[in-house]
Amino acid sequence: MAQEVTFFIDLLTLEACMQILPNVPCVADASGKRAVQRCDFLGHIPFSDTSEGLFRSYLSPAYMASVKQVRTWMEEAGMHCRIDAAGNLIGRYEALTPNAPALLIGSHLDSVKNAGKYDGTLGVILGIEAIARFHAQQKRFPFAIEIIGFGDEEGSRFPVSMLTSRAVAGSLDTLPDVQDTQGTSIQQALQERGLDPACYLEAAYKPSQVLAYFEAHIEQGPVLESTGHAVGLVTSIAAQYRFKVTMKGMAGHAGTLPMHLRQDALAAAAEAICCIEKIAQSGPNDLVATVGQMSVKPGAPNIVPGWVEFSIDVRAGTEDVRNTAAETLTHALQEISQKRGVEMQLTLQHDLSATQCNPQLSNILAASIHTVTGQTAYPLVSGAGHDAMIMAALAPVCMLFIRCEKGISHNPAEAVQDQDVETALRVMCDFIQNIPSEKAI
Ligand code: GLV
Ligand code: MN
Ligand code: MN
């Protein structure tokens, strides 16, 4: 059974923080504007673990505070809420008849470091706004609607990602044996929040409980802005690989070790990174590769670096393109390591297949986009990963993208227009009202 969590948030502190926060939600009725205000409200301490830039990682104090706050908004909107065995927040809006399968609407409440305020959170809050509108109109459907705030989409605490949607989709066999940078395991982090790691897989839904999965998300790219569309229709989501690379050379004295005798792990990594960039640049347009994380040891100005670890993130619209690039860069890194006398180990940490959105659901969503905006739905392939990729194993999925300013994301400058979010909310409400019975999807 999923279980309730005890929160360790000091209520006095929480209230004190809310009084000094500038962005307290002030619009009473459900709207795109209120959704934006709510995301802004969640963009600071105590809903961020850091005061400089938003950072909300899975099961952290800021994550728990956000779950508590979002839960009150879900309850106000007419939902019954629970925290599942993986720490996801789930609100259920009952169907006309009890125990009917549910349309799941989700996105994530965790964030990257120094994040924008809308990546993930906006999709959850928009789901709540849609329910609030239906509840105000006393409207119910033959299916239930469940809004899910997923806990770990980004993988910004543990070296795994999409962990909590995997649990919900039933595609996780065991809880990975990994630790965060402080040495805390997932198991310990769960226990700190009153969750039993042994029950983690109980977060899984049965396929018969689910009608479909829908996710609204900011585009995180510049296409909708450049084409003049407030919203877009996601047709598929790119395939992803994440690797960890370790290069081991020989640490030595920066003043005495001649250049030709060095086994400098960082110089090898630098050559590798430039090579990875070239491989991605010379591939098709949808191929991208990024080194975004690196540690250097011992890490002193007067020591030749003996050890380096870095990440590689490779994505493409198809697995073929991604896999070919991964093979090419593996060979290139092996050559560089050999030439420089450095030992290299490359480990695949994360493999997400490309995901197709469900054509029937997407047609319904496209019709709603047309009804609300008067424009033909603009199709987009998502380069960013989403919980929808994982949920596709459980149910048919579709996704709506919302224009964001200059396409900036994973950056505090992330911004959306209230009007665009209102458009997205209307599209969602129209879409939900047009979803047919289970058998028709
Ligand atoms: C998540 O934002 C990802 O695409 O890595
Ligand atoms: Mn993200
Ligand atoms: Mn996201």
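Remember, it's 1-based here, ligands and their atoms both numbered in the order they're listed. Residues: numbered from 1 along the sequence shown.
- A donor and an acceptor atom, one from each side chain of E414 and S409, are located under 3.5 Å apart.
- Between G383 and ligand 1, a contact under 3.5 Å exists for no N or O pair.
- In this structure a side-chain-to-backbone donor-acceptor pair under 3.5 Å is missing from E153 to S161.
- Taking 4.0 Å as the cut-off between side-chain N and carboxylate O, D110 and R56 do not count as a salt-bridged pair.
- For H217, the N, O or S atom with the smallest separation from the Mn ion (ligand 3) is NE2.
- The closest approach between any non-hydrogen atom of H386 and ligand 1 is not below 4.0 Å.
- Using a 4.0 Å cut-off between heavy atoms, R315 contacts ligand 1 through its side chain alone, with no backbone atom that close.
- Inclusion of D119 in the first shell of the Mn ion (ligand 2) is supported: an N, O or S atom falls under 2.8 Å.
- Within the model, atoms CD1 of I237 and CD1 of I390 stand 9.0 Å from one another, a figure rounded to the nearest 0.5 Å.
- E219 and R403 are not joined by a salt bridge, as no carboxylate oxygen comes within less than 4.0 angstrom of a charged side-chain nitrogen.
- Of all the atoms in ligand 1, the ones that sit under 4.0 Å from a non-hydrogen atom of A384 are 4 (O).
- T164 and D152 are not linked by any side-chain donor-acceptor pair at a separation below 3.5 angstrom, with hydrogens and angles left out of the test.
- Salt bridge R92/E75: absent, no basic N to carboxylate O contact under 4.0 Å.
- For a threshold of 3.5 Å applied to N or O pairs, the pair formed by H410 and ligand 1 contains at least one separation below that value.
- Among the heteroatoms counted here (N, O or S) of E154, OE2 is the one nearest to the Mn ion (ligand 2).
- Look at H410 and the Mn ion (ligand 2): an N/O/S atom of the residue is under 2.8 Å from the metal.
- Among all protein heavy atoms, the one lying closest to atom 1 (C) of ligand 1 is E154 OE1, 3.2 Å.
- Between D119 and ligand 1, not a single N/O pair is under 3.5 Å apart.
- Only side-chain heavy atoms of R242 come within less than 4.0 Å of ligand 1; its backbone N, CA, C and O stay farther off.
- The residues D351 and R322 are annotated as salt-bridged, a charged nitrogen and a carboxylate oxygen being separated by less than 4.0 angstrom.
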